[in-house]
Student: 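Here's a structure for you.
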Amino acid sequence: MTVTEPTVGALPRELLVFEGARQIADGDCVIAGTGLPLLAGLVAQRTHAPSARLLIESGVIFPKVVPTPLSVVDPRIMHAPSKLGSLIESLGGFVQRGLVATGFLGGAQIDARANINSTWIERGTGRVRLPGSGGANDIASHCATIVVLTSHEKRRFPERCDYITSPGFLDGPGARRRAGLNPVRVKVVTDLCVMEGDDAEGELTISALMPGATVEEVLANTGFTPRVADHLGVVAVPSPEHLALLRDVLDPDSRYFPERLKNGNT
Amino acid sequence: MTVTEPTVGALPRELLVFEGARQIADGDCVIAGTGLPLLAGLVAQRTHAPSARLLIESGVIFPKVVPTPLSVVDPRIMHAPSKLGSLIESLGGFVQRGLVATGFLGGAQIDARANINSTWIERGTGRVRLPGSGGANDIASHCATIVVLTSHEKRRFPERCDYITSPGFLDGPGARRRAGLNPVRVKVVTDLCVMEGDDAEGELTISALMPGATVEEVLANTGFTPRVADHLGVVAVPSPEHLALLRDVLDPDSRYFPERLKNGNT
Amino acid sequence: MAVGVHQLLNPLGQARVMSAAEAVQSFVEPGAVLGLGGQNINRCPMALVHEVVRQDIGELTVVGCNLSLPLDHLVAAGLVVRTEQGSGNLEKFGTLFSWRRAVEANRIEVRDYSHLSMASRFLAGAMGLPFMPVRSLLGSSILERLVAEEDAVVTADPWSGEPVVLVRACTPDVSLIHANAADADGNVVIDGVTSHEVDMVRASRHVIVSVEEVLPAGAFDDQPERVTISGAYISAVVEQPWGAWPTSVYRRYDYYESEIDGYQKSAKAGDEGPRAFLAEHVTAHADFDAYLAATDPGASARTAMAEQMRSLL
Amino acid sequence: MAVGVHQLLNPLGQARVMSAAEAVQSFVEPGAVLGLGGQNINRCPMALVHEVVRQDIGELTVVGCNLSLPLDHLVAAGLVVRTEQGSGNLEKFGTLFSWRRAVEANRIEVRDYSHLSMASRFLAGAMGLPFMPVRSLLGSSILERLVAEEDAVVTADPWSGEPVVLVRACTPDVSLIHANAADADGNVVIDGVTSHEVDMVRASRHVIVSVEEVLPAGAFDDQPERVTISGAYISAVVEQPWGAWPTSVYRRYDYYESEIDGYQKSAKAGDEGPRAFLAEHVTAHADFDAYLAATDPGASARTAMAEQMRSLL
C-alpha cells in the first residue's frame, strides 16, 4: 500500500465499516454489537460524530471502547462508561423507551421487505439452527433506523425469510403500523451495494454501488429483484487517515479483518 | 417505678409494642414503618426472634437499626443493612413477590371485617383527608399476617370503613379470594384488647384483654360488635429486662413515648 | 406511538451544568406534570422547589410516591392543580397541612395509588411501556376510583384467569431530584435508598438534578458501578450544597428537625401561615444560598447536622 | 395464587457457605428449571456447571437470556431437555455446536424470545407478577410460535388500543451465577454489567452463587449501596476463585481465548468431541480446583489473564 493509492488498499469489508459509520449522525444514540457495527460506531465517534453515544445491549452505557472487544461483555467494551447496568436497562430503558435512533444488526437472511432472520434456516429436508434474536428483535422493533452490514451472497437475500426474527417492513407498506410497531428506515450495506427503504415503500431499493460494482452483479447475487434508484450513487472510499484510524487504532490486531493479514495490508 | 413492681410501670402503649413483638416468629421477614411497629420488630429481634428480618418500604433491606428513626428514610434506619435499594425492590421484589410473612400497619379506621382506612374520613358534611396508602395497601394485599397496633377509640372502629385503603376481609368470607387476593390473618392490638380473625371467619373476634380491661369496656369503645372468643386470654406484661430494653436501648429519648416523660417513668 | 412513550430526548446525554434559576426557567413550564424526588424527610429537592416557587410557575400536576415538604410548599404557593401519589405526609412530623386543606376544599384534584402501584407506573414509563400490571389494589376503594376515572383497568391473567390490575405509565414532563453527587455529564450518584427516583427519572422527558457536589466529567470512569442514574436521562445539573436542607442527604447531613417543625407549625392553622413562611424563607431571597445564610447564619445548624450524620454511619 | 409466584422462601435470608458439590446436591434436582447467569464469555458459572455435569443431574430445562458455554456443556453431557432463551452463541467464538445439533435433531425443545422479552419474564418473576408487557416481538415469527404455544398473548393497550405482547413470568427452580464477591450472609457484589442476572435471581426459588471471594458477614455494612443482590435471595454461597474460568470476571481476570477455542474446536464436528472434552476437563476431576490445576499447571494462564484484566481497567 502506498500513500498515493490509498483506496486501492481499502478492503471490501472495510468499506462496509465506513459506509456504516456515515449512517450515524452527531448526537445520535447508537446500539451496536461487536465486530463491524461497533467499529462503524467508533469510526463515527472519531470522525464526523464526536457526540454520538454507543449503547451496548449487555448494559454498558456510553463506553470509551478500547481495542478490540470480541463480545458485548468484553472488558474492553466496559471501559469508562457512563454506567454499567443490565440488559433490561439497555433494551428496556433505552431501546424500547425510544431513546436509540440507530441500531446495527446482522443476520443470516435479509429479505426484499428488509425482514431479518437469525433463528432458523430451511436447508433441503432439514433446518439449520442459528443463535436466535438476542437483542436484534428489540432493536428492529424500536429504533428509527436499522443498518445492516453484510456480505452480499444470494442465499442471504431471499424473497422472503424462512423465519422473521427481526421485523423490517413485514408484509409491506402499513404492515408495521398494523402490527403495532413504529415506522423504520432500513439501510443494508454490502460489499456490492447499498439498499435502503422505509415503511412507506415497504421494500428495499438499490441506492448506491460499491466502487467497481455493477447493478447486474448485484442482481445476480440477490435472491429477489430490488428496485433500482433513478440516481445511483457510488459509496465513497475512506481517506488514508480514516483507513489508518480503523487499522492502526480501532482494530490494530486485525481481530475482525483476518483478510488483511492474508492480503499483506498491515 | 420500683424493681419489685415492674409491670405497674408498663404504659398501655408499651404493652402494644410487646404484644406486637409476639406476633413475629423467628426467621420471619417483617415489614414495618417507624414508631411502635418498628419498635415491636426490634424487641422481637432482641428477644425471641433473633433471626427475624426487618424490611423497610423505602428500600432498606434488613437494617441494624440505631435509635430512634422518625422516618422510613431516616439515616438511623439505613444503618448497616443487607442492601440499600428502592421502593419497588421492597414492595415489588419482597412484598408482592410473597416473601414477607408479616406486615405492620396503622390507620385511622379499622372495621368489623378488618379493612383499614388511611385515606378519607367522612365528618359531618365534609371529609377529612388523610395521608393515603403509602405501602399499606401493598402490604395488606400480599402479606400472610397483618398486625395493627392502635389506640382503642370508638371512632377508630366503625362497622364499615368510609373508604377501604387496605383490604382486610373485604365483604366477608371468600371476598378476598373473589377479588384475586391471597388469604390473610389479621391481629389488632389495642390498649384494651386483642382482636383477630382470618378469611374463613371474615370478621374480628376479641381473643384477649389487656391487663385490667373488660369485655364491656371494649364493646363500649368499639363501633361494631365483635364476637368474643370462648376462652379469653390476658396479654402478658413484659419482664423488667424487656421493659428496660425498650426504654433504655431502643427508644432511649422517648421519641415515641412522650407520656413516659409526663408520667415520670424515665 | 404507544401511550406514555415520549419522543426522543434530544440531544441525548447532553446534560449541562447550570444554576437552579436557569434550569427551572429552561425546563419547568406552567401546566407541567412535575415529578418530585425524595421521600418524607430525606433528599427532598428543596433548592429546586424554592426556585419553582420563586419563579411562580403554576398549574402544576405533581406526581411522586411519597410527597412531602416540597409538595406542601408548592401547594401553599398556589402552584398545584392536581396530585397523583401514594401518600402525602411527613410521618412523625405530621400531615401535609396545605395539601390537606386544598384537597378537602376541592381546590386541587387528587389521584390515590399505593406506593407500589405508583412506582410501577414510573417503571412502565422508564421501560417505554403503556402500563404495568400490579397485584395490589384489588378489592380496595383506591381501585374503585381509579377504574371509574379510567386510570386503571382490572384484567384477567391470561394463564391463570386471576384478576390483575393494569396501571398507566406515568411520564413526567420534568422531574426534580437532589443527589449526593454528579459529574459534569450528569451521571448521578445517590447514597442511601433511592425510593422511586431511578424509574421516575428514566420515565421523564426532562430531569433537573441538584447535587451536593459536581465532579469533572469522567470522575466515575473507574467506578461506573457506583453510578445510580446515567447522565443520558439528565437535562440539567445544579451544584447546590445543602440543596435538600432541612431534609437529609445520606452520608452528608441529617435532617434538621426544628426547621421542619417550624414549617409544620406555620402550616397547621391555615393558609396564611405557610404563605408567610415562604415569603420569609423563599421569595425574600435571591437564591438558596441566601436562604441558607439568612436562616442558619454561621452555618451552625448545618455543621451540627453534618456531624450528626457522621456519627450515624 | 397467581401464576409464577412461589411460596415463601424458607427461611428467608439464611444463605449458607458450602462447597459446590454440596450446593448442587442440595438445590439442583433432576427435571429442574435451571437459570444460568453470565453472558457470552463473561462471568459464566463454570464451576457450578462442572458440578452439575459431575453429578449427572438431567432432564433440565435451562433458561437465560444469552446462553453460552455452560449450556453447551450441559447439552453435550445429555442433561438438557428444553431451553428458553434469547440467544445461544459465543459471538466471535462461534455458535453453540452441541445445542445446535440437539435442537436440529429435535432432541431438545427450544423456545425463542428476544433478550428484552426474556429479561422481562425474569422481571415479572422478580416482582411477583404473572406476566410482563413488552412492545417487542410484534409481527415476528418468534411471536407467532409463542402465541401458538400459549406462552405469549397479544392484547390491546386499554388506553390507546395499540397491540402489546404479554409474556409469562419465568421463575427458575434454581439459578446458578458467578460473582466477584459475597459476604457470608450471601450479599452479592457484581462488578461490570449484570446482564439479566439480578432479576433472574430474584425470580428464583433457590440460588447458588459462586464467588471469587467470600467475605465475613457484615463486610458491606459500610457500603450497602455496593451490594448488587441481597442475600435474601441466596440459598448457597460457594467460594471458588477462578470459578468463571475460562470466561472473564470484570476487574479480576480476562477470558482465556485458547481454552474457549479448544472447547469450540472439540464441539464442532459431532457429539463425541465435547463428550471427550468434558470427560477430560470435568468428570476426570474431583472438583474445579483439580480441573484448574490440571489444565493450567503453575497457573500461568490465570496469572496472565489477571494481568491482562488489570491492564484494561
Side-chain angles (χ1 to χ4, degrees), chain A residues 33-35 56-60 66 69-76 78-79 84-92 95-96 115 117-120 126-142 161-167 170-171 175-176 178-182 255-256, chain D residues 38-43 65-66 85-93 95-96 99-101 103-104 110 112-120 122-123 134-142 144 154 162-165 191-199 248 250-251 254-255 257 308-309 312-313:
Chain A
T34 50
I56 311 301
E57 67 159 64
S58 57
V60 189
V66 297
L70 305 186
S71 165
V72 293
V73 287
D74 196 302
R76 293 152 193 84
M78 294 194 212
H79 188 72
L84 288 171
S86 64
L87 271 168
I88 207 163
E89 277 186 71
S90 281
L91 294 174
V95 173
Q96 185 172 253
N115 301 303
N117 179 9
S118 55
T119 306
W120 281 107
R127 303 208 295 171
V128 176
R129 174 67 210 198
L130 306 170
S133 165
N137 173 278
D138 308 306
I139 292 166
S141 296
H142 305 298
C161 285
D162 298 335
Y163 181 106
I164 299 179
T165 308
S166 304
L170 296 172
D171 292 330
R176 278 181 75 98
R178 288 190 295 277
L181 296 168
N182 290 326
R255 298 304 305 251
Y256 285 99
Chain D
Q39 179 174 0
N40 301 111
I41 49 65
N42 183 54
R43 246 179 350 79
C65 273
N66 169 267
Q85 79 294 319
S87 61
N89 73 324
L90 274 161
E91 294 176 286
K92 190 87 170 69
F93 297 93
T95 192
L96 300 188
W99 176 69
R100 173 176 157 172
R101 276 190 300 273
V103 172
E104 289 173 355
V110 63
D112 276 286
Y113 290 84
S114 68
H115 273 179
L116 176 58
S117 53
M118 199 68 207
S120 297
F122 291 126
L123 177 59
V134 286
R135 290 169 49 242
S136 297
L137 303 182
L138 292 161
S140 72
S141 305
I142 304 174
E144 203 177 336
V154 181
E162 292 286 321
V164 177
V165 179
D191 286 336
V193 294
T194 57
S195 300
H196 61 299
E197 293 163 287
V198 174
D199 287 329
S248 54
Y250 196 57
R251 301 195 188 284
D254 202 0
Y255 52 94
E257 292 192 37
Q308 193 159 295
M309 176 60 81
L312 291 167
L313 295 177

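This one's a predicted model, so the numbers in the text were calculated from it and none came from an experiment. Each chain gets a letter, A, B and so on, in the order its sequence line appears, and its residues count up from 1.
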Student: Quick check on the interface: out of A:Gly134, A:Ser86, A:Ala175, who has the most heavy-atom pairs with chain D under 4.5 Å?
Tutor: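 If we count pairs closer than 4.5 Å to chain D, A:Gly134 comes out on top.
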Student: Heavy-atom cut-off 4.5 Å, strictly under: side chain, backbone, both or neither for D:Val134 against chain A?
Tutor: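 Both the backbone and the side chain of D:Val134 come within 4.5 Å of chain A.
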Student: Answer yes or no: is there a side-chain heavy-atom contact under 4.5 Å between A:His79 and D:Leu312?
Tutor: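 Of all side-chain heavy-atom pairs linking D:Leu312 with A:His79, none is under 4.5 Å.
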Student: Of the backbone (N, CA, C, O) and the side chain (C-beta and beyond), which part of A:Ile56 lies under 4.5 Å from a heavy atom of chain D, both, or neither?
Tutor: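 Neither part; nothing is under 4.5 Å.
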Student: Taking side chain as everything from C-beta outward and backbone as N, CA, C, O, which of these in A:Ser141 sits under 4.5 Å from a heavy atom of chain D? Side chain, backbone, both or neither.
Tutor: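 Side chain of A:Ser141 only, per the 4.5 Å heavy-atom cut-off to chain D.
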Student: If you compare all heavy atoms of D:Trp99 against all heavy atoms of A:Leu130, which two are closest, and at what distance to 0.1 Å?
Tutor: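 In terms of heavy atoms, the two residues are closest at CZ3-O, 4.1 Å.
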Student: Name the region of D:Leu123, side chain, backbone, both or neither, that has any atom closer than 4.5 Å to a heavy atom of chain A.
Tutor: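 For D:Leu123, the contact with chain A is made by the side chain alone.
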Student: Taking every non-hydrogen pair under 4.5 Å, which of D:Gly192, D:Gly38, D:Cys65, D:Ser117 racks up the most with chain A?
Tutor: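 Maximum pair count with chain A is reached by D:Gly192.
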Student: Any non-hydrogen side-chain atom of A:Leu87 less than 4.5 Å from a side-chain atom of D:Phe122?
Tutor: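 A:Leu87 does not reach D:Phe122 side chain to side chain.
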Student: Does any part of the side chain of A:Val128, heavy atoms only, come nearer than 4.5 Å to the side chain of D:Arg100, both counted from C-beta?
Tutor: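 They are in contact (side-chain heavy atoms under 4.5 Å apart), so the answer is yes.
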Student: Picking from D:Leu90, D:Val110, D:Thr194, which has the most non-hydrogen pairs under 4.5 angstrom with chain A?
Tutor: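 Most pairs with chain A among the choices: D:Thr194.
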Student: Is there a side-chain contact between A:Val73 and D:Ile41 (heavy atoms, below 4.5 Å)?
Tutor: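 Answer yes - side chains close enough.
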Student: Name the region of A:Pro167, side chain, backbone, both or neither, that has any atom closer than 4.5 Å to a heavy atom of chain D.
Tutor: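 Side chain only.
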Student: Would you confirm whether A:Asp138, through its side chain, and D:Leu116, through its main-chain N or O, come within 3.5 Å as a donor-acceptor pair?
Tutor: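 Yes, because the side chain of A:Asp138 sits within donor-acceptor range (under 3.5 Å) of the backbone of D:Leu116.
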Student: Looking at D:Val154, D:Leu137, D:Val164, D:Thr95, which makes the most heavy-atom pairs under 4.5 Å with chain A?
Tutor: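 Among D:Val154, D:Leu137, D:Val164, D:Thr95, the one with the most close pairs to chain A is D:Leu137.
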Student: Please flag which part of D:Glu144 lies under 4.5 Å from any non-hydrogen atom of chain A: side chain, backbone, both or neither.
Tutor: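 Contact with chain A: none, neither part.
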Student: With no hydrogens and no angle check, is any side-chain donor or acceptor of D:Lys92 less than 3.5 Å from a backbone partner on A:Thr34?
Tutor: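 No: the side chain of D:Lys92 does not pair with the backbone of A:Thr34.
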Student: Rounded to the nearest 0.5 Å, how far apart are CG of A:Asp74 and OG of D:Ser248?
Tutor: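 The distance works out to 7.0 Å.
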Student: A:Leu70 versus D:Glu257: any side-chain heavy-atom pair under 4.5 Å?
Tutor: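 When only atoms from C-beta onward are counted, D:Glu257 and A:Leu70 do touch, with a gap below 4.5 Å.
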Student: Between A:Thr119 and chain D, with a heavy-atom cut-off of 4.5 Å, which part of the residue counts as in contact: side chain, backbone, both or neither?
Tutor: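 Answer is side chain: those atoms of A:Thr119 sit under 4.5 Å from chain D.
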Student: Distance-only, no hydrogens or angles: does the D:Glu91 side chain make a donor-acceptor pair with backbone N or O of A:Val72 under 3.5 Å?
Tutor: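 Yes, the answer is positive, given that a donor and an acceptor are paired below the 3.5 Å cut-off.
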Student: Using a cut-off of under 4.5 Å for heavy-atom pairs, which of D:Val193, D:Val103, D:Val165, D:Leu313 has the most such pairs with chain A?
Tutor: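 Answer, by heavy-atom pair count under 4.5 Å with chain A: D:Val193.
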Student: Could you tell me whether the side chain of A:Gln96 and the main chain of D:Arg135 form a donor-acceptor pair under 3.5 Å?
Tutor: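 Here the side-chain-to-backbone pair exists.
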Student: Identify which part of A:Arg255 has an atom lying under 4.5 Å from any heavy atom of chain D, answering side chain, backbone, both or neither.
Tutor: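 Contact with chain D is through both the backbone and side chain of A:Arg255.
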Student: How many angstroms lie between atom CD of A:Glu57 and atom OG of D:Ser87, to the nearest 0.5 angstrom?
Tutor: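 So the CD of A:Glu57 and the OG of D:Ser87 are separated by 7.0 Å.
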Student: In terms of heavy-atom proximity below 4.5 Å to chain A, should D:Asp191 be classed as side chain, backbone, both, or neither?
Tutor: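 Neither; nothing under 4.5 Å.
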Student: Do you know which two heavy atoms are closest between A:Met78 and D:Tyr250, and how far apart they sit?
Tutor: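 Closest heavy-atom pair between A:Met78 and D:Tyr250: O-OH, 3.4 Å.
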Student: Should D:Ser120 and A:Ile88 count as side-chain neighbours, where that means a heavy-atom distance under 4.5 Å?
Tutor: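 Sidechains of A:Ile88 and D:Ser120: in contact.
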Student: Under 4.5 Å, counting heavy-atom pairs only, tell me which of D:Asn40, D:Asn89, D:Ile142 racks up the most with chain A.
Tutor: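 Most heavy-atom pairs within the cutoff with chain A belong to D:Ile142.
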Student: Between D:Ser140 and A:Asn137, which heavy-atom pair has the shortest distance, and what is it?
Tutor: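 So the minimum-distance heavy-atom pair works out to CB-ND2, 3.6 Å.
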Student: For the NE2 atom of D:His115 and the OG atom of A:Ser133, what is their distance to the nearest 0.5 Å?
Tutor: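 One finds 7.0 Å between NE2 of D:His115 and OG of A:Ser133.
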Student: Relative to chain A, which segment of D:Asn66 carries a heavy atom at a distance below 4.5 Å: side chain, backbone, both, or neither?
Tutor: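 Nothing of D:Asn66, per the 4.5 Å heavy-atom cut-off to chain A.
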Student: Counting only non-hydrogen atoms closer than 4.5 Å, does D:Glu197 touch chain A with its backbone (N, CA, C, O), its side chain (CB onward), both, or neither?
Tutor: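 The answer is neither part of D:Glu197.
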Student: D:Pro163 and A:Arg178: which non-hydrogen atoms are nearest, and at how many Å?
Tutor: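 In terms of heavy atoms, the two residues are closest at CG-O, 4.4 Å.
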Student: So which part of D:Tyr113 gets closer than 4.5 Å to some heavy atom of chain A, the side chain, the backbone, both or neither?
Tutor: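 D:Tyr113 touches chain A through backbone heavy atoms alone.
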Student: Can you tell me how far apart NE2 (A:His142) and CG (D:Leu138) are? Round to the nearest 0.5 Å.
Tutor: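 So the gap between those two atoms works out to 8.0 Å.
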Student: Measure distances from A:Val60 to the heavy atoms of chain D and classify the residue's part below 4.5 Å as side chain, backbone, both or neither.
Tutor: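 For A:Val60, the contact with chain D is made by backbone and side chain together.
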Student: Please flag which part of A:Glu89 lies under 4.5 Å from any non-hydrogen atom of chain D: side chain, backbone, both or neither.
Tutor: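 The answer is neither part of A:Glu89.
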Student: Ignoring hydrogens, what is the shortest heavy-atom contact between A:Leu170 and D:Gly139? Give both atom names and the distance.
Tutor: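 Minimum heavy-atom separation between A:Leu170 and D:Gly139: CD2-O, 3.2 Å.
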